Amino acid sequence: MTDIRNIVVLTGAGVSAESGIDTFRDAGGLWEQHRVEDVATPEAFERDPELVLRFYDMRREAIQQKHPNAAHEALARLDREWEGGLMIVTQNVDDLHERAGARRVVHMHGTHLNAWCTACDVRSPWTGTLIERPACPDCGERSLRPDVVWFGEMPYRMDEIFAALREADLFVSIGTSGAVYPAAGFVRNANDLGVRTLELNLEPSQGSAWFDESRHGPATQVVPPWVDEILAA
Ligand code: BV8
């Protein structure tokens with residue numbers, strides 16, 4: 001593995017599961033409690049903004065009570081000590097990667113901890129609720145929405161992500177089911193680019209067959225040994 005210089009890591013809900021944040025598709029997951037089309041699409045927000053804002057207020061509150069786990073901490077160590085290129089692309093809208101100390105993080109689906117004003121397009125740091133339709137700190141309009149990418153909306157920073165994939169020597173996917181695109185397609189983009197691919201997941205994902213190697217187990221048990229290995233190589 002000595003020829004590895006640039007790494008792209010993709011993370012999903014599974015990396016935050018052991019911090020007590022619900023995943024989406026697992027038993028008791030978010031999509032069992034709510035229909036995607038009722039809470040995570042622009043049409044849903046149009047149709048019933050209160051239902052959508054309450055859903056994100058609940059999750060925004062919840063993540064602030066949670067803490068990074070050993071998988072987040074191991075990836076933060078990799079970020080500190082890896083001299084080569086590294087991009088941690090997360091589908092997660094929590095801030096546990098950053099709270100563990102990681103810096104080279106890209107939130108392709110947004111973050112709970114911003115509010116986005118659809119009147120002036122400004123994104124403001126936000127830890128409170130939006131259900132009471134508060135005024136935008138910048139323009140004063142009551143047009144704030146969660147700064148998350150809903151289904152049917154374009155994910156953030158796709159050009160940077162594809163540029164990093166083109167430069168990568170290794171693509172590692174951690175804690176994701178491979179059910180949601182374009183993230184679920186990155187492993188095939190990596191294959192097409194001749195990039196080595198590794199999956200670290202509790203169980204085989206929908207895209208497992210596309211990976212050169214898969215290691216299965218809880219993130220807190222499979223990520224730290226992998227980080228030790230790559231830093232020792
Ligand atoms: C778009 C933010 C146009 C909001 C999210 C191609 C084919 C088919 C469909 C499409 C396609 N292209 C686009 C689509 C439509 C759609 C899509 O993919 N639909 C699916 C359902 C079929 N995609 C979109 O709409 C995307 N936008 O395509 O725009 C476009 C695109 C490119 C260029 C131009 C235009 C936007 C999708 C983003 C939606 N927003 N989140 C919010 O959080 O509320 S998606 C959300 O769900 C997450 O961010 C994440 O992406 C996804 C959930 O997946 P995971 O994170 O993987 O979580 P999941 O629960 O599914 O799995 C957990 C995994 O962890 C499991 O494998 C489990 O085994 C494992 N695990 C559990 N515990 C542990 C563990 N692993 C390790 N340790 C543990 N302890």
Side-chain angles (χ1 to χ4, degrees), residues 9-45 51-60 62-63 66 68-72 74-75 88-97 106-114 116 130 145-162 165 172-189 198-208 211 214-226:
V9 174
L10 173 70
T11 67
V15 81
S16 294
E18 295 162 87
S19 293
I21 296 183
D22 288 343
T23 64
F24 292 78
R25 284 172 182 74
D26 297 313
L30 282 167
W31 295 154
E32 274 190 6
Q33 303 154 35
H34 309 270
R35 285 167 1 113
V36 172
E37 48 277 17
D38 290 345
V39 291
T41 65
E43 297 76 19
F45 189 57
L51 177 69
V52 172
L53 292 173
R54 201 170 296 112
F55 174 65
Y56 284 97
D57 284 355
M58 176 267 290
R59 292 172 61 197
R60 187 178 308 105
I63 64 158
K66 310 295 184 191
N69 60 52
H72 297 109
L75 291 171
I88 300 172
V89 181
T90 188
Q91 299 167 80
N92 300 342
V93 287
D94 65 53
D95 65 335
L96 297 184
H97 282 303
V106 169
H107 283 263
M108 73 177 290
H109 292 164
T111 171
H112 276 313
L113 299 177
N114 273 351
W116 178 17
L130 291 174
R145 61 161 271 183
D147 180 21
V148 298
V149 176
W150 285 324
F151 287 89
E153 295 184 324
M154 165 74 102
Y156 295 160
R157 302 175 67 177
M158 289 300 291
D159 300 346
E160 292 171 69
I161 295 168
F162 282 126
L165 281 171
V172 184
S173 177
I174 303 174
T176 185
S177 59
V180 173
Y181 288 78
F186 291 164
V187 61
R188 273 178 272 181
N189 303 126
L198 168 66
E199 175 180 62
L200 304 176
N201 210 52
L202 186 63
E203 61 207 351
S205 71
Q206 293 181 23
S208 279
F211 287 88
S214 287
R215 303 179 191 175
H216 297 131
T220 58
Q221 288 168 34
V222 292
V223 176
W226 170 69

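One-based numbering, in listed order, for ligands and for the atoms of each. All residue numbers in this chain count up from 1 along the given sequence. The structure displayed is predicted, hence computed values, not measured ones.
Residues R60 and L113 form a side-chain contact, since some pair of their non-hydrogen atoms from C-beta on lies under 4.5 Å apart. Side-chain contact between H107 and D95 is absent, with no heavy-atom pair separated by less than 4.5 Å. You'll find the side chain of T111 stays beyond 4.5 Å of the side chain of V148, heavy atoms only. Side-chain contact between I161 and V106 is present, with heavy atoms from C-beta onward closer than 4.5 Å.
The distance from ligand 1 to the heavy atoms of E203 drops below 4.0 Å at these ligand atoms: 68 (C), 69 (O). Ligand-side atoms of ligand 1 in range of P218: 78 (N), range being under 4.0 angstrom from any heavy atom. Atoms of ligand 1 found under 4.0 Å from any heavy atom of G12 (numbered from 1 in listed order, with element): 56 (O). Every atom of ligand 1 with a heavy atom of G175 under 4.0 Å away is listed here by number and element: 64 (C), 65 (O), 76 (N). Shown in contact with A179 at under 4.0 Å from a heavy atom are these atoms of ligand 1, numbered in order with element: 20 (C), 21 (C), 22 (C). Atom numbering of ligand 1 starts at 1 in the shown order; those under 4.0 Å from a heavy atom of V149 are 2 (C), 4 (C), 5 (C), 38 (C), 39 (C), 40 (N). Near Y56, the atoms of ligand 1 lying under 4.0 angstrom from a non-hydrogen atom of the residue are 4 (C), 42 (C), 44 (O). Within the listing of ligand 1, atoms 77 (C), 78 (N), 79 (C) sit less than 4.0 angstrom from a heavy atom of A219.
Contacts of V93 with ligand 1, taken as heavy-atom pairs under 4.0 Å, involve the side chain alone. Contacts between Q91 and ligand 1, counted as non-hydrogen atom pairs separated by less than 4.0 Å, involve both the backbone and the side chain. Contacts between A13 and ligand 1 below 4.0 angstrom, taking non-hydrogen atoms only, involve backbone and side chain alike.
Using 4.0 Å as the threshold, S205 has no heavy atom nearer than that to any atom of ligand 1. In this structure, Q206 has no heavy atom closer than 4.0 Å to ligand 1. Residue A40 places no heavy atom under 4.0 Å from ligand 1.
Checking E18, E153, Q221, H216 against atom 27 (N) of ligand 1, the nearest heavy atom belongs to E153. Residue Y181 holds the heavy atom nearest to atom 28 (O) of ligand 1 of all those in Y181, F55, Y156. For atom 43 (O) of ligand 1, the choice among M108, H109, R59 with the nearest heavy atom turns out to be R59.
Contact record, D38 with L51: O-CD2, 3.6 Å, taken as the closest heavy-atom pair.
The aromatic rings of Y156 and W116 sit perpendicular, their planes meeting at an angle over 60°, well past the 30° parallel limit. Below 30°, between 30° and 60°, or above 60°: for F45 and W150 the angle between ring planes is between 30° and 60°, a tilted geometry.
The pair R145-E153 meets the salt-bridge criterion, since a charged nitrogen lies less than 4.0 angstrom from a carboxylate oxygen. A salt bridge is absent between D57 and R54; no separation between the charged side-chain nitrogens and carboxylate oxygens falls under 4.0 Å.
Residues that satisfy the side-chain hydrogen bond (donor to acceptor under 3.5 Å, both in side chains) test with R157, not counting sequence neighbours, are E160.
With values rounded to the nearest 0.5 angstrom, Y181 atom OH is found 4.5 Å from R188 atom CZ.
Partner of H72 under the side chain to side chain contact (heavy atoms under 4.5 Å, CB included) criterion, out of V223, V15, T220, T11: V15 alone.
At least one N/O-N/O distance between T176 and ligand 1 falls below 3.5 Å. Between V148 and ligand 1, no pair of N/O atoms sits closer than 3.5 Å.
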